[in-house]
2 protein chains.
Amino acid sequence: MDDPLYSKDLDEETLFVVTQTFKALSDPTRVRILNLLFEKEYSVNDIAENLKMRQSTVSHQLRFLKNLRLVKYRREGTTMYYSHDDEHVINVLQQMIQHALHH
Amino acid sequence: MDDPLYSKDLDEETLFVVTQTFKALSDPTRVRILNLLFEKEYSVNDIAENLKMRQSTVSHQLRFLKNLRLVKYRREGTTMYYSHDDEHVINVLQQMIQHALHH
DNA sequence: TCAATATATGCGTATATGTACATATATAAT
DNA sequence: ATTATATATGTACATATACGCATATATTGA
């Protein structure tokens, strides 16, 4: 019964990881932030200005992305610079954006 | 300003398509259904039995997936057989599952 | 220590979402 | 036509989620 041809149901943990990751990519605010970070690292305020969002909105969503380790940050004084931190997921996002753009 | 090095914000339609697609993959019920369909086509009731879900739950989620053209169906009498209908998205899902499994 | 600046976060709220129940619809067989 | 079976769907409800406001925290410089 461990023949890979038998489609077993996914175990709970795998299901959780997969759906959580996709959930991160299912919100316009988060996708716009991740898309901005393709270029380079940005501070929280710079993200907010660029995307015309409130600072708290950006910070909330960055926390979400940080918890899933999709972004990382470095401190410089009081400024936090955020950047991507998961090559695989970033790749998946880029693929999907290209797919959507080319149609 | 159309230098691709300048990270422009995503246009509204692209953003919608991308986030909607990922939203489809962000729910455990839908992912379990799509995962089951990797093997072969299934009827609504067979999906419900296999995954121990209510018929209405399965039908609702199939409608969601059908609207996004992630699944298609064929009729045989009163039975509807559902199967995958978007190679790219299915590929992305499989990638993510493998990524999650191998850690 | 105090003020200024950048970021994080608790809380309230409006909205979105997933599910179940009940029922409608559709097809087939008798 | 009637009955049985498979699927779809309207509605209600509980829960999840995103956002904004206000405020807390942290770092720097005077």
Side-chain angles (χ1 to χ4, degrees), chain A residues 9-10 12 15-37 41-83 85, chain B residues 10 12 15-37 40-83 85:
Chain A
D9 196 8
L10 296 167
E12 205 175 326
L15 199 59
F16 182 77
V17 171
V18 168
T19 55
Q20 275 296 111
T21 305
F22 283 129
K23 189 175 297 174
L25 305 177
S26 73
D27 175 72
T29 299
R30 289 191 290 268
V31 167
R32 289 176 69 208
I33 292 174
L34 291 172
N35 180 63
L36 186 66
L37 296 182
E41 62 177 10
Y42 274 87
S43 72
V44 178
N45 272 337
D46 285 348
I47 295 173
E49 279 186 30
N50 251 278
L51 304 180
K52 306 203 186 318
M53 296 172 183
R54 307 278 172 173
Q55 177 269 330
S56 74
T57 298
V58 174
S59 190
H60 277 303
Q61 297 307 335
L62 284 173
R63 177 168 57 173
F64 187 112
L65 295 170
K66 184 159 53 73
N67 285 342
L68 290 180
R69 297 179 198 284
L70 300 190
V71 299
K72 62 180 188 297
Y73 60 87
R74 67 179 183 87
R75 176 187 287 280
E76 198 168 290
T78 58
T79 304
M80 308 291 257
Y81 288 100
Y82 280 82
S83 57
D85 197 31
Chain B
L10 296 168
E12 206 176 325
L15 198 57
F16 182 76
V17 172
V18 168
T19 53
Q20 275 295 112
T21 306
F22 283 130
K23 190 176 295 175
L25 305 177
S26 74
D27 174 72
T29 299
R30 289 192 289 270
V31 167
R32 289 176 70 205
I33 292 174
L34 290 172
N35 180 64
L36 186 65
L37 295 182
K40 58 179 176 71
E41 62 177 11
Y42 273 87
S43 73
V44 178
N45 272 338
D46 284 348
I47 295 173
E49 279 185 30
N50 250 278
L51 303 181
K52 307 205 186 316
M53 297 171 181
R54 308 277 172 171
Q55 178 268 330
S56 75
T57 299
V58 173
S59 189
H60 276 300
Q61 297 306 339
L62 284 172
R63 176 167 59 172
F64 187 111
L65 296 170
K66 184 160 52 74
N67 286 341
L68 290 179
R69 297 179 199 284
L70 300 191
V71 299
K72 63 180 187 298
Y73 59 86
R74 66 180 182 86
R75 177 186 286 280
E76 199 168 289
T78 57
T79 304
M80 308 289 258
Y81 288 99
Y82 280 84
S83 56
D85 197 33

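So you know, we letter chains A, B, ... as the sequences are listed, proteins then strands, and number each from 1.
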Presence of [X] side-chain N/O under 4.0 Å of [N] phosphate oxygens OP1/OP2:
X: Y73(A); N: dA8(C); value: no
X: N45(B); N: dT5(D); value: no
X: T79(B); N: dT27(C); value: no
X: R30(A); N: dA18(D); value: yes
X: Y81(A); N: dT7(C); value: no

Inset, instruction - With a 4.0 Å heavy-atom cut-off, tell me which residues in residues 54-64 of chain A come close to DNA chain D, sorted by residue number. - result: R54(A), S56(A), T57(A), H60(A), Q61(A)

Taking atom [atom2] of [N] as reference, at what distance in whole Å does atom [atom1] of [X] sit?
X: E49(A); N: dT5(C); atom1: CD; atom2: P; answer: 14 Å
X: D27(B); N: dT17(D); atom1: CG; atom2: P; answer: 11 Å
X: K66(B); N: dA8(D); atom1: NZ; atom2: C1'; answer: 9 Å
X: Q20(A); N: dT17(D); atom1: CD; atom2: C1'; answer: 12 Å
X: R32(B); N: dT19(C); atom1: CZ; atom2: P; answer: 10 Å
X: I47(A); N: dA6(C); atom1: CD1; atom2: C1'; answer: 13 Å

Inset, instruction - Between dA8(C), dG18(C), dA6(D), spot the one nearest the side chain of V44(A), thanks. - result: dA8(C)

Legend entry - Nucleotide of dT27(D), dA8(D), dT17(D) approaching K23(A) most closely (side-chain heavy atoms): dT17(D)

